[in-house]
Structures are given as structure tokens and as C-alpha cells.
Amino acid sequence: QENCFNKSISLKNIILPNSLLSIEDFALYECHRLENLIIPSNVKTLGESFIEDCFNLKKVVLPSLLSSIGQYAFEDDTSLEVIDFNNAEVILKDGLFKGCMSLVDVNKLNLSLKTRVIPKQLFLECINLTSADLSVFTELESIGNYAFARCGSLEKIILPSSSRIGLSFISARYLFPSSSIRVFGT
């Protein structure tokens, strides 16, 4: 149910039933003390902002059967270090990791190698992200506006050698506010 545990400020742990197939929009929104979340393997859909603003959550393992995830799902989960997608073939949505300040490596997300689009604001304000090796995504077609904006520690981006992405996204100052970012593989 949408908003079912929304703003449950005392909630630290939650174990969801194996019969659960979806977690609705804002279900665990602003559960600031949430530390542990076990998502059942049968879950196929995660709603918009379903665990946004959960400041103490450090790790989320997503089911490999996951087929849909809402935009801004992990926004401002500032302690989140590990989000394991288990190579689930999910279309990434806008702002999915926005403000996840503890993320440091795109490749530790275990995203599907069939990822075609890096949507807008995907890593916006991930201030500790140091590099983005996108070379494993051989089908990558586009990178959205602000995808890596305000990533103050970002030093390099590696694109797939077979990429059809032009250099125009690099020259857009709103994508990369720092002039020290190097792009490889184009």
C-alpha cells in the first residue's frame, strides 16, 4: 500500500513477507532510522521514492526478478554504500541515486549489462562518486541531463568503445560542473 510506513521515525528493521510482489510509492519514505531492509525475492515492482530519505540504511539488495523501479527510489539515502541490482533488467529512472553521498563506484551497483540509458539526474549530488566506468554497458545510447552533476569527487568517465554517444553531452556544463573530468573510450 502506498505510504504504508511513511515517516515511521522509530522503524529500524523491517522484514517483508515472501508473498509480497510490489512495494508501492513512498512506502518507507522518511523512515530516518531504518537500518535493515530485506526485500523478498518475489518482488517485481518498487515504487517511486519507496525508501527516499532513509539516512541510516547502508545496503540494499534487490531481487533479480525486479522489472520496474520508480524514479527517485533511493534519493537522499545518504549512508547507502551498496545497492545491488543483481543484474536485474530494469529501466533506470530519473534521480534514482540522487543525493546518495556514500556511493563511490557505479560498477558495484551490478546493473544489467543491457543498460541503454543513463537518465537525467541519476547520480546528481553523489559527492563521493570518483569514477564511472560505463564501458561494460555496450548498448548504452544516451546520458541524460545532470546525470553526473554536483559529483564533486568524479574524476573520470569511461564510455563503451562501441558507444554511439557523441561528445556533445560532455561539453554541456550542467552535466559536469568540474572541468577536471576526463572522458575515455569515445
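Scope of the values below: all heavy atoms of this structure, side chains included, with no hydrogens, waters or symmetry mates. Predicted model only: the values in this text are computed from it and were never measured.
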Can you classify the ring geometry of F50 versus F74 as parallel (below 30°), tilted (30 to 60°) or perpendicular (above 60°)? perpendicular

How are the rings of F97 and F85 set relative to one another: parallel (under 30°), tilted (30 to 60°) or perpendicular (over 60°)? perpendicular

Steps toward side-chain contact (heavy atoms from CB on, under 4.5 Å) verdict (L16, L37): CA-CA 8 Å; L16 301 168; L37 169 65; 4.1 Å; yes

Hey, what do you get for [atom1] ([X]) to [atom2] ([Y]), rounding to the nearest 0.5 Å?
X	Y	atom1	atom2	result
E89	N87	CD	CG	9.0 Å
I38	K59	CD1	NZ	10.5 Å
N128	C151	CG	SG	9.5 Å
N6	L11	CG	CG	11.5 Å
K7	Y29	NZ	OH	6.0 Å
C100	F123	SG	CZ	9.0 Å

Is there a donor-acceptor pair under 3.5 Å between the side chain of [X] and the backbone N or O of [Y]?
X	Y	answer
D77	D53	yes
N42	N18	yes
N107	D133	yes
D84	N86	yes
S49	F26	no

What about [X] and [Y], same hydrophobic cluster or not, with Ile/Leu/Val/Met/Phe/Trp/Tyr joined at side-chain heavy-atom distances under 4.5 Å?
X	Y	answer
M101	F148	no
L159	I118	yes
V104	I158	no
I23	I14	yes
V60	F5	yes

Quick check: closest heavy atoms across [X] and [Y], and the distance to 0.1 Å?
X	Y	answer
R33	N56	CA-ND2, 3.4 Å
N36	L57	N-CD1, 4.0 Å
P119	A147	O-CB, 3.8 Å
L103	C126	CD1-SG, 4.5 Å
T78	G99	CG2-O, 3.8 Å
S79	S102	CA-OG, 3.5 Å

L62 and L46: side-chain contact (heavy atoms from CB on, under 4.5 Å), yes or no, with the steps? CA-CA 10 Å; L62 301 173; L46 297 172; 3.6 Å; yes

Given the rule in the side-chain contact (heavy atoms from CB on, under 4.5 Å) test, do I83 and L96 qualify, once you have shown the distances and angles that lead to the verdict? CA-CA 11 Å; I83 306 168; L96 201 57; over 6 Å; no

So that I can tick it off, tell me whether K98 and E75 are bridged by a salt bridge, with the cut-off set at under 4.0 angstrom between side-chain N and carboxylate O. yes

For atom NZ of K44, decide whether the heavy atoms of other residues, nucleotides or ligands shown that lie under 6.0 angstrom number more than 12. no

Do [X] and [Y] come close enough that some side-chain heavy atom pair is under 4.5 Å?
X	Y	answer
Q121	Y146	yes
V136	L111	no
V117	I91	no
L134	I157	yes
I39	L66	no

Using the rule given for salt bridge (Lys or Arg N to Asp or Glu O under 4.0 Å), can you reason through E139 versus K114, listing the C-alpha separation, both sets of side-chain angles and the distance that settles it, and then say yes or no? CA-CA 6 Å; E139 298 180 25; K114 295 181 180 180; over 6 Å; no

